[in-house]
Novice: 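I'd like to ask you about the structure that follows.
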2 protein chains.
Amino acid sequence: MSHTPGVRQEQKRKTRQALLDAALGLLEEQSLSSLGLREVTRAVGVAPTAFYRHFHSTADLGVALVEEALGSLHPMIRTTMSPAEDDDERIDRAVELIAGHVAAHPAHVRFIARERHGGVQPVRRAIREQLARFAEEVKAELATDASAAGWSDTDLRMLAGLYVDQMLITASLFLETLDAPEEERRRAVETARRQLRLISVGRTHWLD
Amino acid sequence: MSHTPGVRQEQKRKTRQALLDAALGLLEEQSLSSLGLREVTRAVGVAPTAFYRHFHSTADLGVALVEEALGSLHPMIRTTMSPAEDDDERIDRAVELIAGHVAAHPAHVRFIARERHGGVQPVRRAIREQLARFAEEVKAELATDASAAGWSDTDLRMLAGLYVDQMLITASLFLETLDAPEEERRRAVETARRQLRLISVGRTHWLD
DNA sequence: CCATGCAGTTAACAACTGTTCTCTGGAATT
DNA sequence: AATTCCAGAGAACAGTTGTTAACTGCATGG
């Protein structure tokens, strides 16, 4: 079925990826709406016109970056949200997983946080769609949990949304403290833990 | 003490405000990092060089916009967070207050949501500082509440931060549904209410 | 082996940007 | 009434932008 990549397609894929990487780097200190196509091609070392072979516009590139940043993250939901014996232990796992992801892909996280409310509509929509998928997946996972008995569909959706937003907040908090003194980072982790724990407490007493 | 404004200073103030207003309008569909100084002066109908009489740069203007958007909001904290007989009624009041503010100043809210993680460092810092002030004020208000007995300082700070973040999330949710069908807006309000209520439940059972 | 396809190049375009310097009119100060 | 001050105008600068057209070289499929 799957043909050998072919020297031609492989080279194209490489330059495309180089454009994405260069753009992501440039976006560390500016927003997508001010990212110029020439700027990107210059960083890659390629002619400006070559850009059009891969993307219609920088907005188009932005949408591709959303896919790159969030697309591969869905499988993590199941393992993270799956029920565990100890609630606190699960929270600890989730927080450390977020911390690890932020440390491993800071530019991706920054990009999502920045462009979620950014000035480029198609990118905002792409992010919104991905986050909606996350919320659906979290909701599905919550529904399997024993403590979800008696919960209405609306309430499950509301809780899933709360979790997704809280994860983004946590990620962006960790991002801000990435190159901060050790002690401040530990405080950030502790804050994130307790906030999730408080939500967890509210969840167990929701039906009172 | 306070001299009569003076025709001169008054005129200057007017153009400065016109620049701020025009910028805010232009920022509805782009980020600050792509906002050009010429763009702003053109929208006001003034020479490009006049810009320098009021701001060093567009980043400088952005900082001024942060002050305009958030500076006058602090007094609202006391009245919103102040203890009430009924917890749910207070939540309803808070949610409607946010909804009203978003409806009255959508551009300001959009600006804050967009530039909080945006590409212009001084503006990010200005917003962070204002939000930290909000958190401090919320924390102070929480401390006066009877149900805060036995809470550690760290936990009060953590809860205050959670509230501030949740209010921003709610505001940006309302912003997205501003020109959506009536029914979707009602759903958004209901979601916001329940999320705050869940946090409230978690808060009352925190010390168990 | 030859013809086609197509990623990337080169050159040129009109339009735009931030910033400088010089100037002007009229309010503010003396 | 004479002088100073200063918000805004005007012109010019070097550098940037997105987009177009026509090209070149090389991997690919017949």
Side-chain angles (χ1 to χ4, degrees), chain A residues 1-27 29-65 118-123, chain B residues 1-23 25-27 29-65 115 118-123:
Chain A
M1 299 300 153
S2 64
H3 292 174
T4 331
V7 181
R8 198 79 189 258
Q9 295 192 27
E10 177 59 15
Q11 187 49 244
K12 177 168 184 178
R13 199 198 52 81
K14 260 189 190 169
T15 22
R16 190 189 129 104
Q17 191 57 49
L19 288 170
L20 287 169
D21 292 347
L24 197 62
L26 291 164
L27 285 172
E29 39 204 275
Q30 67 181 309
S31 310
L32 183 63
S33 80
S34 67
L35 183 70
L37 123 200
R38 294 184 99 108
E39 206 178 341
V40 179
T41 56
R42 193 185 313 128
V44 173
V46 91
T49 47
F51 186 92
Y52 292 108
R53 300 288 180 192
H54 303 274
F55 307 102
H56 294 359
S57 61
T58 51
D60 197 25
L61 178 146
V63 172
L65 274 179
V120 184
Q121 205 244 359
V123 172
Chain B
M1 295 300 148
S2 63
H3 291 174
T4 332
V7 180
R8 197 77 189 260
Q9 296 191 25
E10 176 60 14
Q11 186 48 244
K12 176 167 184 179
R13 200 199 52 81
K14 260 189 191 169
T15 2
R16 190 189 129 102
Q17 192 57 48
L19 289 169
L20 287 169
D21 292 347
L26 292 165
L27 285 172
E29 40 203 273
Q30 66 181 306
S31 309
L32 184 63
S33 79
S34 67
L35 183 71
L37 125 198
R38 294 184 100 108
E39 206 178 342
V40 179
T41 56
R42 194 186 311 128
V44 173
V46 91
T49 47
F51 186 92
Y52 293 107
R53 300 287 180 192
H54 303 275
F55 308 102
H56 294 359
S57 61
T58 51
D60 197 25
L61 178 147
V63 172
L65 274 179
E115 301 303 328
V120 184
Q121 205 244 358
V123 172

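No hydrogens, no waters, no symmetry mates; every other heavy atom, side chains included, goes into these values. Chain letters run A, B, ... following the sequence lines, proteins first, then strands; residues in each count from 1. Since the structure is predicted, the reported quantities are computational estimates derived from the model, not experimental observations.
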Novice: Rounded to the nearest angstrom, tell me the gap between atom CZ in B/Phe51 and atom P in C/dT17.
Specialist: 13 Å

Novice: Would you call B/Glu10-B/Arg13 a salt bridge at under 4.0 Å N-O?
Specialist: yes

Novice: Given the rule in the side-chain contact (heavy atoms from CB on, under 4.5 Å) test, do B/Val123 and B/Leu65 qualify, once you have shown the distances and angles that lead to the verdict?
Specialist: CA-CA 9 Å; B/Val123 172; B/Leu65 274 179; over 6 Å; no

Novice: What is the nucleic acid contact for B/Arg42, judged by heavy atoms within less than 4.0 Å: base, sugar-phosphate only, or nothing?
Specialist: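 Sugar-phosphate contact only.
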
Novice: Where the side chain of A/Tyr52 is defined as all heavy atoms beyond and including C-beta, which of C/dT9, C/dG8, D/dT19 is the nearest nucleotide?
Specialist: D/dT19

Novice: Distance check needed: D/dG18 P versus A/Asp60 CG, whole Å only.
Specialist: 14 Å

Novice: Once you round it to whole Å, what is the distance between P of C/dA27 and NZ of B/Lys14?
Specialist: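 In whole Å, C/dA27 P and B/Lys14 NZ are 14 Å from each other.
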
Novice: Nearest-Å distance, NZ (A/Lys12) to P (C/dT9)?
Specialist: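 So the NZ-P distance, A/Lys12 to C/dT9, works out to 14 Å.
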
Novice: Does a donor on one side chain and an acceptor on the other come within less than 3.5 Å for B/Ser34 and A/Ser34?
Specialist: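 The criterion, which ignores hydrogens and geometry beyond distance, is not satisfied for A/Ser34 and B/Ser34.
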
Novice: Looking across every strand, which nucleic acid part, if any, lies under 4.0 Å from A/Thr15 by heavy atom: base, sugar-phosphate, or nothing?
Specialist: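 Touches sugar-phosphate only.
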
Novice: If we ignore hydrogens and angles and just use 3.5 Å, is the side chain of B/Ser33 paired with the main-chain N or O of A/Ser31 as donor and acceptor?
Specialist: yes

Novice: How long is the line joining CD of A/Gln11 and C1' of C/dG8, in whole Å?
Specialist: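 Nearest whole value for this atom pair: 10 Å.
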
Novice: To the nearest Å, give me how far apart CG (B/Leu35) and C1' (C/dT17) are.
Specialist: 12 Å

Novice: Out of C/dG8, D/dA7, D/dA9, which has the shortest distance to the side chain of B/Ala50?
Specialist: D/dA9

Novice: Just how far, in rounded Å, is C1' of C/dA7 from CZ of A/Phe55?
Specialist: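 Answer to the nearest Å: 14 Å.
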
Novice: Can you tell me if the side-chain N/O atoms of A/Thr49 get under 4.0 Å from OP1 or OP2 in C/dT10?
Specialist: no

Novice: Only one of A/Thr15, A/Asp60, A/Leu61 forms a side-chain contact (heavy atoms from CB on, under 4.5 Å) with A/Phe51, so which one is it?
Specialist: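 Option passing the side-chain contact (heavy atoms from CB on, under 4.5 Å) with A/Phe51: A/Leu61.
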
Novice: Compare the minimum distances between each of C/dG18, C/dA7, C/dT17 and the side chain of B/Leu37, then state the nucleotide with the smallest one.
Specialist: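 Nucleotide nearest to B/Leu37's side chain: C/dG18.
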
Novice: Of B/Arg8 and B/Ala47, whose nearest nucleotide on DNA chain D comes first from the 5' end?
Specialist: B/Arg8

Novice: Expressed as a whole number of angstroms, how long is the span from B/Gln9:CD to D/dC6:C1'?
Specialist: 12 Å

Novice: For A/Arg38 and A/Arg53, take the nucleotide of DNA chain C holding the closest heavy atom to each; which residue's nucleotide lies nearer the 5' end?
Specialist: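 Closer to the 5' end of DNA chain C: A/Arg53.
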
